[in-house]
Colleague: 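Below is one structure. I have some questions about it.
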Number of protein chains: 2
Amino acid sequence: MHDINSDTDTKNKIFLVAAHLFAEKGYNGVSMREISEHSGVSKPMIYYYFENKEGIYKQLLETGLNHGGEIIKQALDEEISFREKLKIIMQKRLTLTQIYPDFSRFFLLLNTSSTKFPVTKEFEDKIETHRNLFKGLIQEGIDSGEFGPRVNPVLAIDIIGAVLIHYVRKYLNNDDMKSPEEISDEVIELLFRGLNE
Amino acid sequence: MHDINSDTDTKNKIFLVAAHLFAEKGYNGVSMREISEHSGVSKPMIYYYFENKEGIYKQLLETGLNHGGEIIKQALDEEISFREKLKIIMQKRLTLTQIYPDFSRFFLLLNTSSTKFPVTKEFEDKIETHRNLFKGLIQEGIDSGEFGPRVNPVLAIDIIGAVLIHYVRKYLNNDDMKSPEEISDEVIELLFRGLNE
DNA sequence: TTTTATTTACTTACCGTTCGGTAGGTTGAC
DNA sequence: GTCAACCTACCGAACGGTAAGTAAATAAAA
């Protein structure tokens, strides 16, 4: 519902500061006072623009999920090989990580922790939709014959997903990284070629 | 410092409950009252056995790191091929995940979040030592020629590490998983063979 | 061997601080 | 005169942590 570039300045300030703090310290590590002080917005004003603490968290989730889904959809529509699509998705995801590190870290925390939080049913569904988009992509690789005949597609999904997330994390923690294009190219090629070649 | 099977019953109860709760909700999501109530130990008794909340967290860290280091060291000492060593490490790590899911989840949270916590200098060093053990292992793969000549060893470390952690997480969240032996074998073979074969 | 002192494992009841959240008023633009 | 956008000041509950005492086991002294 929330667009990073719309609404009032005040709401946006809150939104960005909250993303940063949640990303850094997790949901329970952040207080409303902190958000208030770091954004220069008084505490009651936060409750004026957002329902409550969970409400901010949910809007962050929604915004990020919408963004992320777009990336995969766009890549699926392009008329290039499966391998190139994987590269583009990885590259776009890493680029997004550079541009919006706070949002990216926020989502890393999510994917990762088993924390019982404001991740309600509606979001489970949305996340499931994402996963299915990704599965559909892998199916393309199988159908097109770009996967070798001995490749277990379930394992392939795991491995590609794991590597992608790993590099997102690495991008967030190191600043002396190669460009998203280079990394994506090297990694995907290595995965297809195998470690023994 | 703390051995899971020693010390008093009371201290151990606290220890195990804390591991479970920290694993589930993160450091800031857990209160001393919760630990007290879930373990059936009064709050002041927790402060009797541990310095404070951070103290419990640190002892959990130390215990887990010591355990984890042993696995890699043992594998390094065996006289088998590099590829087999990788399989054994992965398999042992997954088995450990099955036996101590709480500890495993606890460490997943650690590796994963960028949370600014009681991860003091001493632990940074210990974690660095771990990383170096792992790097030494990869170097074996390069020296023995088991890695192909076109493989960038830095990428190889990333990919193997990422896949390992991914499967630990998967083991924690699903209960209909193949055995650690099967998974490790399939995954390592696929990584060496590559996706296109 | 009995008595006394000390230590260990535990209790109840409380401390000041911070938490998420709100009541109720103010201000300026339309 | 209304309403959106803001404020100060406060609420009860939960937080991490502790003071002060007790009951039982253990060690030292008689």
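Lettering of chains follows the sequences in order, A, B, ..., and the numbering in each one begins at 1. Note that these values count all heavy atoms, side chains included, but never hydrogens, waters or copies made by symmetry.
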Colleague: In whole Å, what is the span from the CD atom of B:E37 to the C1' atom of D:dC15?
Modeller: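 Distance check: B:E37 CD to D:dC15 C1' gives 13 Å.
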
Colleague: Only one of A:F22, A:F123, A:F50 clears ring pair (Phe, Tyr, Trp, His ring centres under 6.0 Å) with A:Y57; which?
Modeller: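 The option that passes is A:F22.
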
Colleague: Ignoring the backbone of A:P44, work out which of D:dG17, D:dA5, C:dT22 is nearest its side chain.
Modeller: C:dT22

Colleague: Out of D:dG16, C:dG20, C:dC10, which nucleotide sits closest to the side chain of B:M45?
Modeller: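 Of the candidates, C:dC10 comes closest.
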
Colleague: Below the 4.0 Å mark, does C:dT11 have OP1 or OP2 next to a side-chain nitrogen or oxygen of B:S42?
Modeller: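 Affirmative; the distance criterion is met.
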
Colleague: Grab the CD1-P distance between B:I46 and D:dG17 for me, whole Å please.
Modeller: 11 Å

Colleague: Determine: side-chain N/O of A:S31 to OP1/OP2 of C:dT18, distance under 4.0 Å, yes or no.
Modeller: no

Colleague: Rounded to whole Å, please give me the gap between CG in B:N52 and P in D:dC15.
Modeller: 17 Å

Colleague: Whole angstroms only, please: what is the CE-P distance between B:M32 and D:dG17?
Modeller: 6 Å

Colleague: Over how many whole Å does the gap from A:I14 atom CD1 to C:dG21 atom P extend?
Modeller: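 Result: 14 Å.
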
Colleague: Is the phosphate of D:dA5, meaning OP1 or OP2, less than 4.0 Å from a side-chain N or O of A:T10?
Modeller: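 Result: no.
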
Colleague: Quick one: B:I35 CD1 to D:dG16 C1', roughly how many Å, whole number?
Modeller: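 Answer to the nearest Å: 11 Å.
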
Colleague: Taking OP1 and OP2 of D:dT18, is either one under 4.0 Å from a side-chain nitrogen or oxygen of B:Y47?
Modeller: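 Looking at the OP1 and OP2 atoms of D:dT18, neither is under 4.0 Å from any side-chain N or O of B:Y47.
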
Colleague: Measuring to OP1 and OP2 of C:dT11, would you say a side-chain N or O of B:Y48 lies under 4.0 angstrom away?
Modeller: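 The answer is no; no side-chain N or O of B:Y48 sits under 4.0 Å from OP1 or OP2.
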
Colleague: Write down the distance between NZ (B:K43) and C1' (C:dA13), rounded to a whole number of angstrom.
Modeller: 11 Å

Colleague: To check you understand the geometry: which heavy-atom pair defines the closest contact between B:H130 and B:G68, and what is its length?
Modeller: CE1-C, 3.6 Å

Colleague: Between A:G40 and B:V30, just flag the one whose closest nucleotide in DNA chain D comes earlier from the 5' side.
Modeller: A:G40

Colleague: Evaluate the criterion side chain to side chain donor-acceptor pair (under 3.5 Å) for residue pair B:H20 and B:E24; output intermediate values, then yes/no.
Modeller: CA-CA 6 Å; B:H20 177 72; B:E24 198 169 311; 3.1 Å; yes

Colleague: Could you check B:N66 against B:E70 for side chain to side chain donor-acceptor pair (under 3.5 Å), going step by step and ending with a plain yes or no?
Modeller: CA-CA 6 Å; B:N66 288 342; B:E70 283 309 310; over 6 Å; no

Colleague: Report the C-alpha separation of B:F147 and B:F82 in whole Å, then their side-chain angles, then the decisive distance to 0.1 Å, and conclude whether the ring-ring contact (aromatic ring centres under 6.0 Å, His included) test is met.
Modeller: CA-CA 9 Å; B:F147 277 136; B:F82 167 67; 5.2 Å; yes

Colleague: Check the distance between D:dG17's P and B:F50's CZ and give it to me in whole angstrom.
Modeller: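 Whole-Å distance recorded here is 14 Å.
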
Colleague: Under the 3.5 Å rule, do the base of C:dG21 and the side chain of A:K53 count as making a donor-acceptor pair?
Modeller: no

